[in-house]
Participant: 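Questions regarding the structure given below will be posed in turn.
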Amino acid sequence: MPELAFQFGPAADAVPALPAPPVLEHLLLEQPLGLVAALVFFALVAFIVLIRAGQDRRAVIIGASLLLASAAVYALASAVTTTREKLAKQTESLIAAATKADLGALDRMLAGDATLTFRSPGPPLHRDQILRLVEQYPGGKTPILAWSVEQMQAAIDGPNTARTQAQVRTEVEAYGYKGPISSWWRISWRQDAGTDQWRILGIECLYIPGVTSATDLR
């Protein structure tokens with residue numbers, strides 16, 4: 001169950017959030033620990049209150065029922081992977097491949113008509129240009145020492161379209177600078193017809209300090 005967060009830090013206050021998922025599905029399948037903890041808490045409270053009231057049998061029945069419900073919720077969430085969770089994991093795989101300049105993995109993830117855009121109004125980069133840029137940037141001129149995903153969001157837009165959005169922290173060493181860089185990326189996904197395979201249709205750089213176009217990375 002990948003962590004799907006839907007909040008923003010102060011450094012990204014200009015980055016719009018993706019639509020939040022349905023509350024019940026999110027709490028039940030994607031972040032069940034809060035619901036599990038609540039059921040366990042109420043089981044203990046009910047047991048203690050009913051025992052003190054002399055209703056031992058009822059205390060056992062209600063307490064055990066609530067504990068079983070908490071176990072069922074956790075088991076269900078562990079067994080079910082939602083599409084948002086799957087795409088969150090694929091987004092992490094995309095980031096890992098990009099930071100390592102794993103062109104083979106990127107090639108498999110990108111749709112034939114995939115594009116990469118920056119904040120500048122210039123033309124997008126197409127599939128082959130994306131692969132060349134990744135080969136030059138993290139693979140060559142700017143080695144990435146480490147990376148982590150600070151926040152992840154996912155939204156289903158239609159039967160075969162979706163988006164993810166991630167805040168990525170990287171440790172870089174280049175051009176006399178060594179330290180962290182925080183960036184925001186939005187990924188558009190399209191599901192292949194008749195399969196459960198999702199491929200990247202678009203990558204949008206929402207925020208990198210000092211970067212507005214691909215030429216800033218060169």
Side-chain angles (χ1 to χ4, degrees), residues 1-6 12 15-22 25-26 29-30 77 79-140 142 144 147-170 183-208 211-214 217-218:
M1 293 175 289
E3 185 72 15
L4 297 178
F6 289 86
V15 177
L18 294 182
E25 181 179 340
H26 184 57
L29 298 179
E30 296 172 347
V80 175
T81 300
T82 67
T83 300
R84 284 185 298 273
E85 289 177 316
K86 178 179 179 179
L87 292 175
K89 291 296 291 183
Q90 288 191 212
T91 301
E92 290 184 357
S93 297
L94 166 65
I95 297 165
T99 55
K100 293 184 296 186
D102 186 344
L103 302 185
L106 285 173
D107 184 65
R108 291 188 294 272
M109 298 179 74
L110 294 171
D113 52 349
T115 60
L116 168 63
T117 58
F118 290 83
R119 289 177 292 165
S120 67
L125 300 183
H126 296 284
R127 193 175 187 278
D128 291 342
Q129 295 171 306
I130 296 171
L131 293 172
R132 285 198 296 270
L133 180 65
V134 169
E135 184 178 25
Q136 291 176 359
Y137 180 51
T142 310
I144 294 177
W147 65 273
S148 62
V149 176
E150 302 295 301
Q151 296 187 52
M152 178 72 72
Q153 304 167 19
I156 308 302
D157 298 319
N160 63 343
T161 58
R163 288 172 294 163
T164 54
Q165 192 161 279
Q167 182 187 24
V168 182
R169 177 188 172 93
T170 53
S183 59
W184 277 94
W185 302 84
R186 182 179 296 151
I187 318 300
S188 299
W189 298 86
R190 181 177 63 203
Q191 187 176 21
D192 290 348
T195 74
D196 61 353
Q197 177 68 48
W198 290 81
R199 298 191 192 277
I200 297 165
L201 183 61
I203 304 171
E204 185 179 356
C205 176
L206 300 176
Y207 173 76
I208 301 180
V211 175
T212 60
S213 69
L217 298 174
R218 297 180 178 137

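Counting from 1, the numbers follow the sequence of the chain as shown. The basis for the numbers below is simple: all heavy atoms, side chains too, and nothing from hydrogens, waters or symmetry mates.
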Participant: Scan Arg190, Arg199, His126, Arg127 and name whichever one has a side chain to side chain donor-acceptor pair (under 3.5 Å) with Asp113.
Facilitator: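 The residue from Arg190, Arg199, His126, Arg127 that satisfies side chain to side chain donor-acceptor pair (under 3.5 Å) with Asp113 turns out to be Arg190.
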Participant: Of all the heavy-atom pairs spanning Arg84 and Pro22, show the shortest one and how long it is.
Facilitator: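 Result for this residue pair: NH1-CD, 3.9 Å.
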Participant: Where do Ala154 and Thr164 come nearest, in terms of heavy atoms and distance?
Facilitator: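 Closest heavy-atom pair between Ala154 and Thr164: CB-CG2, 3.9 Å.
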Participant: When rounded to the nearest 0.5 angstrom, what distance separates SG in Cys205 from CG in Leu125?
Facilitator: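 Result: 11.0 Å between the selected atoms.
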Participant: Nearest heavy-atom pair of Ala88 and Met152: which atoms, and what distance?
Facilitator: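 Looks like O-CE, 3.6 Å.
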Participant: Closest heavy-atom contact between Arg163 and Ser188?
Facilitator: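 Smallest heavy-atom distance, with atoms named: CG-OG, 4.0 Å.
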Participant: CH2/Trp147 to NZ/Lys100 distance, rounded to the nearest 0.5 angstrom?
Facilitator: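 If we round to the nearest 0.5 Å, Trp147:CH2 and Lys100:NZ are 8.5 Å apart.
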Participant: Can we say Lys89 and Glu92 salt-bridge, meaning some charged N sits less than 4.0 Å from an Asp/Glu carboxylate O?
Facilitator: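 Yes.
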Participant: Measuring from atom CG of Leu106 to atom CD1 of Ile203, what distance do you get when rounded to the nearest 0.5 angstrom?
Facilitator: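 If I round to the nearest 0.5 Å, the distance is 7.5 Å.
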Participant: With a 4.5 Å cut-off on side-chain heavy atoms, are Leu29 and Glu85 touching?
Facilitator: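 When only atoms from C-beta onward are counted, Leu29 and Glu85 do not touch, as no gap falls below 4.5 Å.
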Participant: Any chance you could measure Ile187, atom CD1, to Ile95, atom CD1, to the nearest 0.5 Å?
Facilitator: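 Answer for the CD1-CD1 pair, Ile187 versus Ile95, is 7.0 Å.
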Participant: Please say which of Asp102, Asp128, Leu131 ends up in a side-chain contact (heavy atoms from CB on, under 4.5 Å) with Asp107.
Facilitator: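 With Asp107 as partner, Asp102, Asp128, Leu131 yield a single side-chain contact (heavy atoms from CB on, under 4.5 Å), made by Leu131.
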Participant: When you look at Leu103 and Glu135, which way does the side-chain contact (heavy atoms from CB on, under 4.5 Å) test go after all the steps?
Facilitator: CA-CA 7 Å; Leu103 302 185; Glu135 184 178 25; 3.9 Å; yes
Participant: Would Ile156 and Trp189 count as a side-chain contact (heavy atoms from CB on, under 4.5 Å) if you check the C-alpha gap in whole Å, the side-chain angles of each, and the deciding distance to 0.1 Å?
Facilitator: CA-CA 9 Å; Ile156 308 302; Trp189 298 86; over 6 Å; no
Participant: Closest heavy-atom contact between Gln191 and Asp196?
Facilitator: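 Minimum heavy-atom contact is NE2-CA, 3.4 Å.
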Participant: Between OG1 of Thr81 and CD of Glu30, what distance do you get to the nearest 0.5 Å?
Facilitator: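 Thr81 OG1 to Glu30 CD: 10.0 Å, rounded to 0.5 Å.
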Participant: What's the shortest heavy-atom distance between Ile130 and Thr115, and which atoms?
Facilitator: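 Reported closest heavy-atom pair: CD1-C, 3.7 Å.
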Participant: Given 3.5 Å as the limit, does a donor-acceptor pair link the side chain of Lys86 with the main chain of Trp198, or not?
Facilitator: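 A pair under 3.5 Å: no.
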Participant: Look only at the side chain of Gln165 and the backbone of Pro16, and say whether a donor-acceptor pair between them is shorter than 3.5 Å.
Facilitator: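 Between the backbone of Pro16 and the side chain of Gln165 there is a qualifying donor-acceptor contact (under 3.5 Å).
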